[in-house]
Amino acid sequence: MRHIIIIGSGPAGFTAAIYAARAGLQPLLFASSVGIGGELMNTTEVENFPGFPEGVQGPDLMQKMQEQAERFGTEVVYDDITEVDFSGQVKRVTAGDGSVHEAHTVVYATGSAYRKLGIADEDRLSGHGVSWCATCDGFFFREKTIAVVGGGDSAMEEATFLTRFASKVYVIHRREELKASKIMQQRAFDNEKIEFVWNAEVAAIHGDAEVTGVTLRDTVDGTERELPLEGLFIAIGNDPRTHLVHGKLDLTAEGTIAVDGRSSRTSAAGVFAAGDVVDPTYRQAITAAASGTVAALDAEHYLAALGESAAQPADALVG
């Protein structure tokens with residue numbers, strides 16, 4: 001029996017592990033068998049995470065977080081959780097190898113996944129001109145010609161933000177009308193750096209080491225044409241990874257896990273959520289890390305209220 005199990009290995013999960021481990025809770029953290037480290041593993045240079053004035057590579061930052069968590073006693077298991085049971089005071093999670101693990105608390109920090117176009121070379125050129133985060137990567141496209149794919153508020157916000165850096169920003173939308181709110185549309189229309197490409201979808205992305213352009217397909221007549229680019233930002237939405245907790249935890253209208261106010265407390269006692277899985281708005285590494293801190297502290301307080309002692313060996317706990 002564990003004090004705490006953490007599901008997820010992004011900034012939220014590892015920060016929760018650091019705090020929980022330093023509190024003597026001996027956390028067991030399940031990192032994905034394939035996607036360890038979250039979205040930062042797809043980011044090259046991270047320049048907006050405090051404490052790194054010269055910037056840091058996304059994978060390096062996540063490796064440091066993991067090393068810090070392990071230094072204080074976190075046990076990391078490289079496997080996926082396939083099933084959860086939060087119905088009783090003792091929480092149970094089932095791993096991909098079939099093993100069942102029990103704890104008095106769980107921190108659910110599985111993050112979110114950016115929606116992809118689903119075309120060839122999209123993943124290969126990720127971090128080399130293809131991006132899903134203007135705030136993360138916009139700085140690297142100074143005086144370059146780039147495009148944003150999408151027609152909602154997020155796409156308009158990304159395109160407008162990117163005009164701070166790029167010399168030209170195309171907005172590629174598969175229809176002739178935007179889904180974005182009127183105010184977000186008008187901001188984009190009024191920006192002289194933004195040009196709209198209507199009734200078009202990206203059929204192919206070109207480039208060997210870096211993005212050099214895309215093939216656009218007309219969604220009305222099917223004709224194709226080439227558009228030279230130095231960067232492609234995909235803003236067609238993202239989905240919180242909540243498939244394991246449907247019907248087990250309350251969700252918000254945005255599909256994220258509902259929490260109580262500024263806490264990490266979910267609708268199931270002893271289950272706490274952190275990171276992008278509760279955040280439909282900001283989705284930054286630093287806000288996810290802060291959320292992981294909240295979850296660990298909430299879990300610690302919950303255990304204290306149960307009368308658990310962090311000094312007690314984890315295998316001596318009873319349900």
Side-chain angles (χ1 to χ4, degrees), residues 4-17 20 27 29-32 34-35 38-40 79-96 100-116 132-133 150-155 157 179-181 234-299 301-302:
I4 184 169
I5 288 174
I6 299 169
I7 305 173
S9 58
F14 277 129
T15 302
L29 183 147
F30 283 91
S32 170
V34 291
E39 295 296 333
L40 277 184
D79 201 355
D80 298 297
I81 294 301
T82 59
E83 187 177 351
V84 297
D85 181 359
F86 300 149
S87 58
Q89 181 171 309
V90 175
K91 317 305 174 186
R92 295 177 175 84
V93 303
T94 303
V100 178
H101 304 264
E102 298 182 337
H104 284 277
T105 62
V106 169
V107 171
Y108 198 84
T110 52
S112 64
Y114 292 111
R115 292 176 190 162
K116 297 184 178 182
W132 288 264
C133 181
D153 278 355
S154 294
E157 184 177 356
K179 297 181 295 182
S181 60
I234 301 167
I236 55 176
N238 70 298
D239 299 301
R241 296 187 176 99
T242 58
H243 58 285
L244 288 178
V245 298
H246 287 185
K248 300 177 181 180
L249 297 178
D250 290 348
L251 304 180
T252 67
E254 292 88 357
T256 55
I257 295 175
V259 293
D260 181 14
R262 296 186 64 186
S263 79
S264 65
R265 296 187 296 271
T266 71
S267 57
V271 179
F272 308 90
D276 287 6
V277 79
V278 302
D279 176 15
T281 305
Y282 301 104
R283 302 194 302 273
Q284 298 296 304
I286 190 65
T287 53
S291 180
T293 301
V294 171
L297 293 175
D298 284 345
H301 296 157
Y302 176 86

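Heads up: numbering here begins at 1 and tracks the sequence.
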Just by distance, do the side chain of Ser267 and the backbone of Asp250 share a donor-acceptor pair under 3.5 Å?
yes
Electrostatic pair Asp85:Lys91 at N-O distance under 4.0 angstrom
no
Point-to-point distance, once rounded to the nearest 0.5 Å, from OG of Ser112 to CG of Asn238
4.5 Å
Between Asp276 and Asp279, is there a donor-acceptor pair closer than 3.5 Å when you use the side chain of the first and the backbone of the second?
no
Which heavy atom in Gly255 sits nearest to a heavy atom in Thr242, and how many Å separate them?
O-CG2, 3.6 Å
State, to 0.1 Å, how close Ala20 and Ala296 come at their nearest heavy-atom pair, and which atoms those are.
N-CB, 4.0 Å
Taking atom OG1 of Thr110 and atom CG of Leu244, what is their separation to the nearest 0.5 Å?
7.5 Å
Could you check whether any side-chain N or O of Thr266 sits under 3.5 Å from a backbone N or O of Val259, counting only pairs where one atom can act as donor and the other as acceptor?
no
Okay, side chain of Thr15, backbone of Ala12: is any donor-acceptor separation there less than 3.5 Å?
no
For a quick test of reading the model, state the closest non-hydrogen atom pair linking Ala273 to Val278 and the distance between them.
CB-CG1, 3.4 Å
So, the side chain of Trp132 versus the backbone of Arg115: is there a donor-acceptor pair under 3.5 Å, distance only?
yes
For the atom pair OG1 (Thr256) and CZ (Arg283), what is the distance rounded to the nearest 0.5 Å?
10.5 Å
How many angstroms lie between atom OG1 of Thr293 and atom CG of Asp298, to the nearest 0.5 angstrom?
10.5 Å
Run the ring-centre check on Tyr302 versus His104 and record whether the distance is less than 6.0 Å.
no
Would you compute the distance between atom CG of Leu29 and atom CD1 of Ile4 and round it to the nearest 0.5 angstrom?
9.5 Å
Return the OG to CZ distance between Ser9 and Phe30, rounded to the nearest 0.5 Å.
12.0 Å
Output yes when a side-chain donor or acceptor of Thr94 lies under 3.5 Å from a complementary backbone atom of Val100, and no otherwise.
no
Between Pro11 and Ala288, which heavy-atom pair has the shortest distance, and what is it?
CB-CB, 4.2 Å
Any idea how Tyr108 and Phe86 line up, ring-wise: parallel (<30°), tilted (30 to 60°), or perpendicular (>60°)?
perpendicular
Under 3.5 Å, side chain of Asp153 to main-chain N/O of Ser181, donor-acceptor pair present?
yes
Please determine whether side chain to side chain contact (heavy atoms under 4.5 Å, CB included) holds for the pair Ile257 and Leu251, giving the CA-CA distance in whole Å, both sets of side-chain angles, and the decisive distance to 0.1 Å.
CA-CA 4 Å; Ile257 295 175; Leu251 304 180; 4.0 Å; yes
Report yes or no: does Gln284 contribute a side-chain atom to a donor-acceptor pair with the main-chain N or O of Tyr282 at less than 3.5 Å?
yes
Tell me whether Ser291 contacts the main-chain N or O of Thr287 through its side chain, where contact means a donor paired with an acceptor under 3.5 Å.
no
Counting only heavy atoms not in Lys248, do more than 12 sit closer than 6.0 Å to its NZ atom?
yes
If we count only N and O atoms by modelled type, under 3.5 Å, do the side chains of Glu254 and Thr252 hold a donor and an acceptor together?
yes
